Amino acid sequence: MEENSILEATIDDLQKLMENGSLTSYELVKKYLTRIEQIDKTGVTLCSIIEINPDLLDIAKALDKERKEKGSRGLLHGIPILLKDNIDTKDKMLTTAGSWSMVGSIPEKDATVALKLRDAGGILFGKANMSEWANYRSSNSSNGWSGRGGQTKNPYHLAQDPCGSSTGSAVAVSANLVAVSLGTETSGSIICPSATCGVVGIKPTVGLVSRAGVIPISHNYDTVGPITRTVADAAVLLSFLTGIDTRDRLTQESNGKYHTDYCAFLDENGLQGIRVGFIGDFCIEFENMLQENGAQIIKLNAVWNKAGTDKDLIFSYDFKNDISQYLAKRQRNPAPQYTGFPMMHTLEDIIAFNKNFSDLESTIYDQRKLIDAMERGPLTDQCYIDQLNNNKTLSRKFIDDIIEDNNLDVIVGEVPANLAGYPVITIPIGLHQTGMPKAFTFTGRAYSEPTLIRIAYAIEHIIKGRTLPKYLTNRI
């Protein structure tokens with residue numbers, strides 16, 4: 001198999017090659033490792049991957065042997081999957097949210113999503129760089145920067161914002177450094193880097209996918225989702241992530257609403273009869289394409305009024321509470337190279353670490369968000385309870401009313417999907433004149449992932465908007 005043949009290879013492509021003997025998982029990961037060395041660690045130095053699983057090649061060999069002797073476990077057997085560095089793995093890799101403060105401790109077990117992928121035969125390839133603490137450290141830091149990983153670059157234009165905080169997950173997939181990846185989102189952290197880096201991202205309904213074992217910001221708004229190069233790959237990955245998890249009580253709300261095969265909703269004619277509500281202006285040629293393929297366009301005058309909502313207040317309260325609960329489950333890291341790093345027990349410990357280890361944790365960027373969270377009270381504070389109720393009630397009513405009043409399937413435009421905890425999908429639809437990606441992003445009601453996938457797949461099939469990055473350096 002030629003080196004370039006892994007470029008843009010989908011899960012289906014790779015499975016066919018491994019089934020007919022043209023490729024092994026071992027050979028595949030070796031090819032990805034070569035490419036990572038050429039453009040992530042050296043060359044244009046994308047800095048999208050913090051670390052590679054040291055057992056990677058042994059795992060690939062074992063899965064190749066299993067395929068030969070027992071057959072494939074399924075669609076993810078032998079497929080390399082990159083995890084954002086806030087997703088716990090109980091192995092030789094670290095889980096640090098990009099912060100040096102976390103190398104002094106290790107998780108007690110796999111995150112639920114990591115375990116599901118292992119059980120499906122997926123190869124946990126490595127950890128992706130990210131905006132440190134999922135962009136919840138600083139008021140002035142750069143998207144895609146972390147103390148451990150440095151600054152991730154956008155593969156389309158190296159000087160442009162790659163967006164955050166699942167930056168490395170999106171960049172690595174876009175640059176064909178790995179097949180697929182997982183990101184996390186609290187407020188835009190899957191969708192923004194996916195759109196900016198020319199790949200597909202699905203931010204699931206909060207509660208559809210377990211957050212157990214994920215370094216948190218907010219138990220009210222955190223979620224985990226796939227970042228891939230195609231809608232079909234995103235559907236495959238999402239299919240293995242859903243289900244009730246006793247470690248995350250919010251997943252109980254997905255009972256009877258989740259699916260284990262989102263590929264069933266892939267439909268090349270999926271725009272037929274779909275009603276799309278547009279808030280604001282969009283490319284007229286794109287709107288015409290939707291109509292020509294069976295969709296109905298409904299222009300909306302609705303404007304989201306943020307008055308009465310404050311997500312930052314909720315995030316700060318939740319982070320103080322949630323990070324303390326998370327840290328209580330970490331164990332001392334026995335690795336001798338990390339014995340000089342203290343173990344973090346509280347948010348105060350993290351703030352102190354950033355001061356005491358400023359040679360590792362840059363002083364260029366402040367830690368204002370951490371300090372603000374430290375000043376919050378308990379989750380029983382009435383202002384917190386009232387604001388949380390306000391956020392969810394107002395945002396959900398705004399979206400639900402628009403959809404019901406106009407008999408819509410999805411909405412395009414500015415709506416408070418993150419406040420509502422509703423799903424969002426983004427797909428690439430070409431390039432701007434600057435060489436940066438264009439994206440089509442839309443949302444629906446809770447647990448409407450099947451509809452979003454159906455529409456996204458149909459659009460992808462029609463316009464084929466994914467374009468390889470060119471690592472531009474010219475001025476824009």
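All residue numbers refer to positions in the sequence shown, counting from 1. Keep in mind that this is a model prediction, so the values were computed, not measured.
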Check step by step if side-chain hydrogen bond (donor to acceptor under 3.5 Å, both in side chains) holds for N390 and T309.
-> CA-CA 6 Å; N390 233 26; T309 63; over 6 Å; no
What's the verdict on side chain to side chain contact (heavy atoms under 4.5 Å, CB included) for D233 and L237, showing C-alpha distance, side-chain angles and the deciding distance?
-> CA-CA 6 Å; D233 279 358; L237 208 51; over 6 Å; no
side-chain hydrogen bond (donor to acceptor under 3.5 Å, both in side chains) between N220 and Y317, worked out | CA-CA 11 Å; N220 287 295; Y317 267 93; over 6 Å; no
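Taking the side chain as every heavy atom from C-beta outward, V209 and L238 approach each other to under 4.5 Å. With contacts defined as side-chain heavy-atom distances shorter than 4.5 Å, the pair R118/D91 qualifies. Within the 4.5 Å cutoff, the side chain of T196 has no heavy atoms near those of the Q160 side chain.
At least one donor-acceptor pair closer than 3.5 Å links the side chain of D85 to the backbone N or O of T96. Side-chain atoms of K41 come within 3.5 Å of backbone N or O of I49 as a donor-acceptor pair. Looking only at distances, no side-chain donor or acceptor of S254 sits under 3.5 Å from a matching main-chain atom of K257. T426 places no side-chain N or O within donor-acceptor distance of the main-chain N or O of V200, the cut-off being under 3.5 Å. Under the 3.5 Å distance criterion, the side-chain polar atoms of R396 are left unmatched by any main-chain donor or acceptor of A446. Under a 3.5 Å cut-off, the side chain of D386 and the backbone N or O of C383 do not form any donor-acceptor pair. Side-chain N or O atoms of E51 include one that pairs as donor or acceptor with a backbone N or O of L94 at under 3.5 Å. A donor-acceptor distance shorter than 3.5 angstrom exists from the side chain of D110 to the backbone of K90, with no hydrogens or angles considered.
The aromatic rings of F125 and Y32 lie perpendicular to each other, with more than 60° between the two planes, well past the 30° mark. In this structure, W133 and F319 have perpendicular ring planes: the angle between them is above 60°, well past the 30° mark. Note on ring orientation: taking the six-membered ring where Trp is involved, the planes of F357 and F353 are parallel (angle under 30°, cut-offs 30° and 60°).
Atom CD1 of I274 is separated from atom CG of L408 by 10.5 Å, given to the nearest 0.5 angstrom. If you take NE2 on H259 and CD1 on I453, they are separated by 9.0 Å, rounding to the nearest 0.5 Å. In this structure, the separation between CD1 on I217 and CG on D322 is 10.0 Å, given to the nearest 0.5 Å. Atoms CG and CH2, from L394 and W304 in turn, are 5.5 Å apart once rounded to the nearest 0.5 Å. Y447 contributes atom OH, which lies 6.5 Å from atom CG of L208 (distance to the nearest 0.5 angstrom). To the nearest 0.5 angstrom, I202 atom CD1 is 9.0 Å from I190 atom CD1.
Screening P162, C197, S48 against P155 for a side-chain contact (heavy atoms from CB on, under 4.5 Å) leaves a single residue, C197.
Comment: K109 does not engage D88 in a salt bridge, judged by the lack of any side-chain N to carboxylate O separation of less than 4.0 angstrom. Comment: K397 engages D401 in a salt bridge, judged by a side-chain N to carboxylate O separation of less than 4.0 angstrom. Electrostatic pairing of R137 and E132 counts as a salt bridge here, judged by a charged N lying under 4.0 Å from a carboxylate O. In summary, D409 and R454 do not engage in a salt bridge, as defined by a charged side-chain N under 4.0 Å from a carboxylate O.
Surrounding CD of Q291 are more than 12 heavy atoms belonging to other residues, nucleotides or ligands, all under 6.0 Å away.
No side-chain donor-acceptor contact under 3.5 Å links K203 and T443. A donor atom on one side chain and an acceptor atom on the other are not found under 3.5 Å apart for N354 and Y365. Remark: the S139 side chain and the R368 side chain contain no N/O donor-acceptor pair separated by less than 3.5 Å. For the residue pair N176/R229, the side-chain donor-acceptor check at 3.5 Å is satisfied. Counted by atom type alone, S165 and N135 present zero donor-acceptor pairs between their side chains at under 3.5 Å. Donor-acceptor pairing under 3.5 Å is lacking for the side chains of S316 and D372. Checking K84 against S166 by side-chain atom types alone, a donor-acceptor pair falls below 3.5 Å.
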Side-chain donor-acceptor pairs of residues 275-286 under 3.5 Å, sequence neighbours excluded:
unit_1 : atom_1 : unit_2 : atom_2 : d
R275   : NE     : N406   : O      : 3.3
R275   : NE     : N407   : O      : 2.8
R275   : NH1    : Q296   : OE1    : 3.2
R275   : NH2    : N406   : O      : 2.9

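Among pairs with a residue in residues 234-254, those fulfilling salt bridge (charged side-chain N to carboxylate O under 4.0 Å, His left out) read R211-D248, at least two apart in sequence or across chains. Judged as a ring pair (Phe, Tyr, Trp, His ring centres under 6.0 Å), not a single pair has a partner in residues 171-196 (not counting sequence neighbours).
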